[in-house]
*Asks:* 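My questions all concern the structure below.
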Amino acid sequence: MLNPKISVLAPTYNEAENIGPLITAILKETPYETEVIVIDDNSPDETWRVAQEMAKKDPRIQVERRLKDRGLTKSIRRGIELSKGDIIVWLDCDFSMPPAVIPVLIKEITENENDIAVGSRFVKGGKQKSTDNTDEESALAIFFSTFGCTVMRLLLFPSFHDYTSGFIAIKREVLERIPLRGDYGEYFIDLIVRAKLLKYAIVEIPYTCEKRMAGESKTAPTTALLLKRIRQYSVQILKMELVRLRFFFTKK
Ligand SMILES: Nc1nc2c(ncn2[C@@H]2O[C@H](COP(=O)(O)OP(=O)(O)OP(=O)(O)O)[C@@H](O)[C@H]2O)c(=O)[nH]1
Ligand SMILES: [Mg+2]
């Protein structure tokens, strides 16, 4: 792929302290012609305002302030709709996923004939964030994502490791064939399983997941929400088994 256009999507909810430095880092690190699209769910901390101020001075930045129907998957979907890139990248906006890895993911598509490159905590060289100095909910969330990904590997495709990554570079044409489905992080399991079934070339690139730079977790700020997420992920695994079965019988 020669000279692709790149769209980097930044879904945010209460990331006011992170979004400015993150946009700057993304624009610094990403090769080729790049647009950054911030999709903010009308954050009470006014993340959208910080991004809008930057967008006034830099035409590469676009801000979508969503006023209703909050949701991570819906926001990424909206970002895809607005984007113009040949390759679309997205990542968490809390510096847990280093922007310096973005060019490595893109290179896997432009030079190594992959369709999808995923930032992975669970391949050799990758690292899940440490549970040191973290509260109980975050430690539990870290435990469940590590344990959950191992279970998914065993039940789904053992060749893939980080089913809840959320850090990805992907060709637009793949997303045209596989629209994102789901509410929160489980959309990623669906995307990977369907892409595997359709035999897209997927590579995992190791990275070290850091603790969020500032602000609060949206995955597991309370034990009740963490349990809800675990339930969502469990239902998703069962759904994917059904999708797999249907695929093998109908080949679509
Ligand atoms: N637009 C939008 N973004 C969201 C929503 N919920 C979470 N996000 C963003 O999705 C990304 C992942 O959320 P995090 O809170 O970092 O989840 P996490 O990585 O499991 O939790 P941490 O351990 O705190 O990093 C971040 O960029 C959030 O701002 C939402 O409802 N709407
Ligand atoms: Mg995070």
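Side chains included, hydrogens not; waters and symmetry mates left out as well; all remaining heavy atoms used. All of these numbers come straight from a predicted model, not from anything done at the bench.
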*Asks:* Does anything in residues 211-224 form a salt bridge (charged side-chain N to carboxylate O under 4.0 Å, His left out)? List the pairs, not counting sequence neighbours.
*Replies:* Glu15-Arg212, Glu15-Lys218, Asp94-Arg212
*Asks:* Tell me the salt bridge (charged side-chain N to carboxylate O under 4.0 Å, His left out) pairs involving residues 147-174, sequence neighbours left out?
*Replies:* Asp115-Lys171, Arg121-Asp162
*Asks:* Just to verify, which of Asp69, Asp183, Asp41 counts as forming a side-chain hydrogen bond (donor to acceptor under 3.5 Å, both in side chains) with Lys74?
*Replies:* Asp69
*Asks:* Are the side chain of Asp58 and the backbone of Arg60 linked by a donor-acceptor contact shorter than 3.5 Å?
*Replies:* yes
*Asks:* Could you tell me how the ring of Phe147 sits relative to the ring of Phe143: parallel (under 30°), tilted (30 to 60°) or perpendicular (over 60°)?
*Replies:* parallel
*Asks:* Quick one: does Gln128's side chain get under 4.5 Å of Ile142's, heavy atoms only?
*Replies:* yes
*Asks:* Check step by step if side-chain contact (heavy atoms from CB on, under 4.5 Å) holds for Leu91 and Ile26.
*Replies:* CA-CA 10 Å; Leu91 73 171; Ile26 290 170; 4.0 Å; yes
*Asks:* Between the side chain of Gln62 and the main-chain N/O of Val38, is any donor-acceptor distance below 3.5 Å?
*Replies:* no
*Asks:* Linking I/L/V/M/F/W/Y whenever their side-chain heavy atoms sit closer than 4.5 Å, directly or via other members, would Leu156 and Phe144 fall into one cluster?
*Replies:* yes
*Asks:* May I ask you to check whether Arg77 and Tyr187 show a side-chain donor-acceptor distance below 3.5 Å?
*Replies:* no
*Asks:* I want to know whether Phe167 and Tyr207 have ring centres closer than 6.0 Å.
*Replies:* yes
*Asks:* Tell me the closest heavy-atom pair linking Pro44 and Asn14, and the distance in Å.
*Replies:* CD-OD1, 3.1 Å
*Asks:* Indicate whether the side chain of Glu35 and that of Ser7 have a donor and an acceptor atom separated by less than 3.5 Å.
*Replies:* yes
*Asks:* Identify which one of Arg181, Lys239, Lys196, Arg244 satisfies the salt bridge (charged side-chain N to carboxylate O under 4.0 Å, His left out) criterion when paired with Asp190.
*Replies:* Arg181
*Asks:* Looking at Tyr13, is Arg70 sitting on its ring face, NZ or CZ under 6.0 Å from the six-membered ring centre and within 45 degrees of the normal?
*Replies:* yes
*Asks:* For the backbone of Ile189 and the side chain of Tyr233, can you confirm whether one donor and one acceptor N or O come within less than 3.5 Å of each other?
*Replies:* no
